[in-house]
Protein chains: 2
Amino acid sequence: MKKSQVTIKDIAKELGISASTVSRALKNHPDISQKTRDAVHRLAEELNYQPNAVALSLKNSRTRTIGVIIPEIVHYFFSSVISGIEDVAYDAGYNVMICQSNEKFEREVTNAQTLLSNRVEGILVSVTKESDHFDHLKQFIKRGIPLIFFDRDAKGIEADRILINDKMAGYKATKHLIEAGCKRIAHLCGPQSLTIAKERLSGYKQALEEANIPFNEEYVLSADDFELGKKATRELLNLETPPDGIFAVNDLTAIGAIKSIHNKGMNTPKDIAIVGFSSGRFADITEPTLTSIDQHGYEMGSKATELLIKRIESEEESIVHEDIFIETNLIIRESSIHNK
Amino acid sequence: MKKSQVTIKDIAKELGISASTVSRALKNHPDISQKTRDAVHRLAEELNYQPNAVALSLKNSRTRTIGVIIPEIVHYFFSSVISGIEDVAYDAGYNVMICQSNEKFEREVTNAQTLLSNRVEGILVSVTKESDHFDHLKQFIKRGIPLIFFDRDAKGIEADRILINDKMAGYKATKHLIEAGCKRIAHLCGPQSLTIAKERLSGYKQALEEANIPFNEEYVLSADDFELGKKATRELLNLETPPDGIFAVNDLTAIGAIKSIHNKGMNTPKDIAIVGFSSGRFADITEPTLTSIDQHGYEMGSKATELLIKRIESEEESIVHEDIFIETNLIIRESSIHNK
DNA sequence: TTGAAAGCGCTAACAC
DNA sequence: GTGTTAGCGCTTTCAA
């Protein structure tokens with residue numbers, strides 16, 4: 001199944017010249033006579049010669065490849081990030097090697113080894129939910145290979161980080177509901193083991209506090225998918241004084257909430273306003289369209305890659321690592337226009 | 001920024017032995033004394049030696065890397081495919097290099113060159129909407145590098161193909177509407193330059209024909225996203241005799257159709273039944289939930305990669321290429337329960 | 001049991 | 001202007 005590819009030697013032999021002359025001719029080295037250059041170019045074209053990137057990598061100790069370790073590819077946010085990574089890498093002439101950890105720590109470790117073996121020049125990582133120690137990632141630092149964390153943080157490693165300001169986002173979402181006239185705002189929150197979920201809850205609390213709305217424990221339920229959103233909302237609606245606004249930790253949960261509200265014969269946004277947190281291309285196709293926090297996954301990927309390439313190409317030894325927060329913004333749609 | 005990595009030579013020098021001995025010791029070659037072996041392994045561990053995959057690739061002319069060219073990563077279906085690819089590749093010890101063409105032909109050409117340069121051992125391609133000639137891909141065939149097309153076909157190339165049976169799917173969708181009692185079925189179709197769009201249309205026609213429903217040109221409009229779906233549906237509703245069923249080329253288009261139907265004060269499924277074609281996690285969260293064709297993207301990716309690896313590792317010269325069709329199935333939800 | 005040497009494809013310093 | 005040589009990191013004959 002393998003016919004090996006065209007090499008510089010093949011061209012050299014065919015033309016009766018040396019490999020180095022071919023090499024120089026191909027890069028239009030001024031020393032080489034026009035005649036030889038033309039002949040080489042013509043033959044290269046004809047044979048569809050493609051320089052062997054593997055040989056070049058070995059020679060130059062530069063692979064022009066960056067590695068990515070990501071928990072899951074099938075996830076709107078993560079795939080947006082990958083898209084941003086790929087676009088920036090492409091423009092800068094880098095290749096991208098993507099590994100999916102499937103949220104398994106063991107696989108993350110293997111992925112790291114693979115990328116190390118393949119001599120990636122830099123690496124972008126979003127750790128699994130399981131990951132709690134990071135020796136496998138420290139290897140990169142030790143070898144001077146730039147490492148950048150995105151979205152999910154890994155405490156205790158000297159590295160750059162590109163994160164979302166989740167607390168601020170939770171704050172913005174809640175404040176918006178307050179400004180829309182809601183008095184009793186509930187929050188459907190994510191698992192408190194995840195920093196991002198904790199931060200969003202914390203932003204919610206801060207907004208209430210600033211508006212002098214007392215925090216009500218009954219209004220905070222754990223729910224982070226469509227079904228759980230439906231269920232939790234049913235419970236909220238059965239309270240003596242049900243909420244008139246809900247901030248959900250992601251869009252699917254928000255959509256579940258809307259569904260339960262409809263099923264109860266009530267209306268969103270009139271009776272209960274809803275704000276979600278983007279987790280897909282859902283917000284503008286629901287009925288009503290969903291006010292939601294935009295997470296800018298693409299931007300996260302592109303910013304991370306820009307910084308990574310800057311690190312790769314920088315000569316400096318001592319680097320001050322940055323924590324970069326991607327600003328989220330609230331996109332106001334129909335589900336929160338709550339005019340009481 | 002670069003401290004070069006540990007090599008076999010480093011270990012050899014440190015231990016005062018030759019590189020070849022280290023190499024053999026590392027693979028537990030029986031010739032090497034237990035003592036040397038132990039010492040080498042210990043030091044390799046200590047220095048966290050990782051074999052240089054680049055050097056190995058050059059030496060063996062085997063990169064253990066497969067290339068992927070995909071139109072867009074941020075797309076539920078495509079990201080599912082990637083996930084399937086990555087999982088199978090990982091299990092088989094292959095790396096994956098992903099390139100996104102962004103639906104641009106020029107970029108697809110560059111991507112192909114990059115992957116060729118990087119000496120991928122096989123390649124999976126889904127061509128752009130623009131692609132109409134494929135010399136850049138024929139290069140792979142010419143060099144004996146297995147090439148497999150997935151989802152989108154490229155006519156006139158000798159290669160394996162993993163496709164969805166789009167005609168059958170279009171047929172199933174339309175037949176379902178007929179069985180649900182629809183008499184006037186419209187189709188919102190994709191660009192006819194894409195085989196998949198053509199096939200779906202063709203399945204639609206076949207179902208009509210079988211049911212002795214005359215084909216009506218007015219009922220076929222081009223629309224393949226949310227906005228276009230809304231617009232095209234408005235036009236359909238303005239016809240003298242509007243349809244009572246719509247088969248849309250993808251889910252977003254179907255959801256756009258539902259929106260326009262609602263806006264017109266009509267009801268889905270009562271007035272007009274709708275069937276979509278899966279393009280996301282939308283179908284079960286819409287109101288009403290959407291009857292849709294399930295495309296099995298993950299399976300497409302994993303099957304394609306299995307076949308690709310089989311091709312890579314096969315010694316045979318003459319290969320009979322296969323067209324593999326992934327079976328789709330219709331998932332019936334609320335939007336098509338059309339009881340007149 | 002180990003070492004020396006050649007070669008995978010390419011480039012660049014050094015000849016001539 | 002062009003050729004020779006060495007070397008990137010590794011493996012594998014061949015020789016000792």
Side-chain angles (χ1 to χ4, degrees), chain A residues 2-41 43-44 47-65 113 116-121 143, chain B residues 2-41 43-44 47-65 113-114 116-121 143 145:
Chain A
K2 43 200 84 122
K3 323 168 193 171
S4 69
Q5 302 211 29
V6 183
T7 73
I8 265 186
K9 270 195 196 164
D10 298 327
I11 299 182
K13 206 184 301 172
E14 179 99 15
L15 259 37
I17 57 182
S18 79
S20 48
T21 304
V22 175
S23 169
R24 279 180 283 229
L26 284 171
K27 15 191 50 147
N28 288 314
H29 191 105
D31 278 0
I32 305 296
S33 74
Q34 194 61 44
K35 209 176 115 208
T36 318
R37 260 195 262 178
D38 289 349
V40 168
H41 275 117
L43 188 56
L47 300 179
N48 208 295
Y49 166 78
Q50 295 284 351
N52 185 328
V54 178
L56 281 171
S57 293
L58 185 61
K59 174 91 181 114
N60 305 328
S61 304
R62 289 218 54 188
T63 55
R64 294 202 79 81
T65 298
Q113 276 165 2
L116 219 40
S117 253
N118 280 279
R119 301 298 190 259
V120 293
E121 295 188 43
R143 293 177 161 70
Chain B
K2 42 199 84 119
K3 323 170 191 167
S4 68
Q5 302 211 29
V6 184
T7 73
I8 265 186
K9 270 196 198 166
D10 298 328
I11 299 182
K13 207 184 301 171
E14 180 100 14
L15 258 39
I17 58 182
S18 78
S20 42
T21 304
V22 175
S23 169
R24 279 181 282 231
L26 283 172
K27 14 193 49 146
N28 289 314
H29 192 104
D31 277 359
I32 304 297
S33 74
Q34 194 61 44
K35 210 177 115 209
T36 319
R37 259 194 262 179
D38 289 348
V40 168
H41 276 119
L43 188 56
L47 300 179
N48 206 293
Y49 167 78
Q50 295 285 349
N52 185 330
V54 178
L56 280 172
S57 293
L58 185 61
K59 175 84 182 132
N60 305 328
S61 305
R62 288 218 54 189
T63 56
R64 296 202 78 80
T65 298
Q113 277 164 2
T114 304
L116 219 40
S117 255
N118 280 279
R119 299 299 189 261
V120 293
E121 294 188 44
R143 294 177 160 70
I145 300 169

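The structure displayed is predicted, hence computed values, not measured ones. In what follows, chains carry the letters A, B, and so on, assigned in the order in which the sequence lines appear, proteins first and then strands, with residues in each chain numbered from 1.
Considering only heavy atoms from C-beta on, Leu26(B) comes within 4.5 Å of Val40(B) through its side chain. Two residues are said to be in side-chain contact when any heavy atoms from C-beta on lie closer than 4.5 Å; Tyr49(B) and Ile8(B) meet this criterion. In this structure the side chain of Leu116(B) reaches within 4.5 angstrom of the side chain of Ile145(B), judged on heavy atoms.
As rounded to whole Å, 15 Å separates atom P of dG9(C) from atom CG of Asn118(B). One interatomic measurement links the two molecules: CZ of Arg62(A) to P of dT11(C), which rounds to 15 Å at whole-angstrom precision. For Asn60(B) and dT12(D), the CG to P distance is 7 Å, given to the nearest whole Å. For the pair Asp10(A) CG and dC10(C) C1', the computed distance is 13 Å after rounding to whole Å. In this structure, CD1 of Ile8(A) is placed 12 Å from C1' of dA12(C), rounded to the nearest angstrom. Spacing between atom CD1 of Ile11(A) and atom P of dG9(C) amounts to 13 Å, rounded to whole angstrom units.
Taking 4.0 angstrom as the limit, Lys59(A) places none of its side-chain polar atoms (N or O) nearer than this to OP1 or OP2 of dG9(D). Residue Lys9(A) places at least one side-chain N or O closer than 4.0 Å to OP1 or OP2 of dC8(C). Within the structure, a side-chain polar atom (N or O) of Ser33(B) is placed less than 4.0 Å from OP1 or OP2 of dT2(C).
Near DNA chain D, meaning a heavy atom under 4.0 Å from it, residues 48-55 of chain A has no residue at all. Proximity of residues 19-29 of chain A to DNA chain D (heavy atom under 4.0 angstrom from any strand atom) is restricted to Ser20(A), Thr21(A), Arg24(A).
Residue Ile32(A) places its side chain closer to dT2(D) than to any other of dT11(C), dG9(D), dT2(D).
Residue contacts for Ser18(A): at a heavy-atom cut-off of 4.0 Å it reaches a base atom on one of the strands shown. Note on Thr36(A): only backbone sugar-phosphate atoms sit closer than 4.0 angstrom, heavy atoms only; bases stay farther off.
If Leu56(A) and Asp31(B) are placed on DNA chain C by their nearest nucleotide, the residue sitting closer to the 5' end is Asp31(B). Comparing Ile17(B) and Leu58(B) along DNA chain C, the residue whose closest nucleotide (by nearest heavy atom) sits nearer the 5' end is Ile17(B).
Each end of the helix from dT1(C)-dA16(D) to dC16(C)-dG1(D) yields a helix axis from five base pairs, and these two axes differ in direction by 60° (to the nearest 10 degrees).
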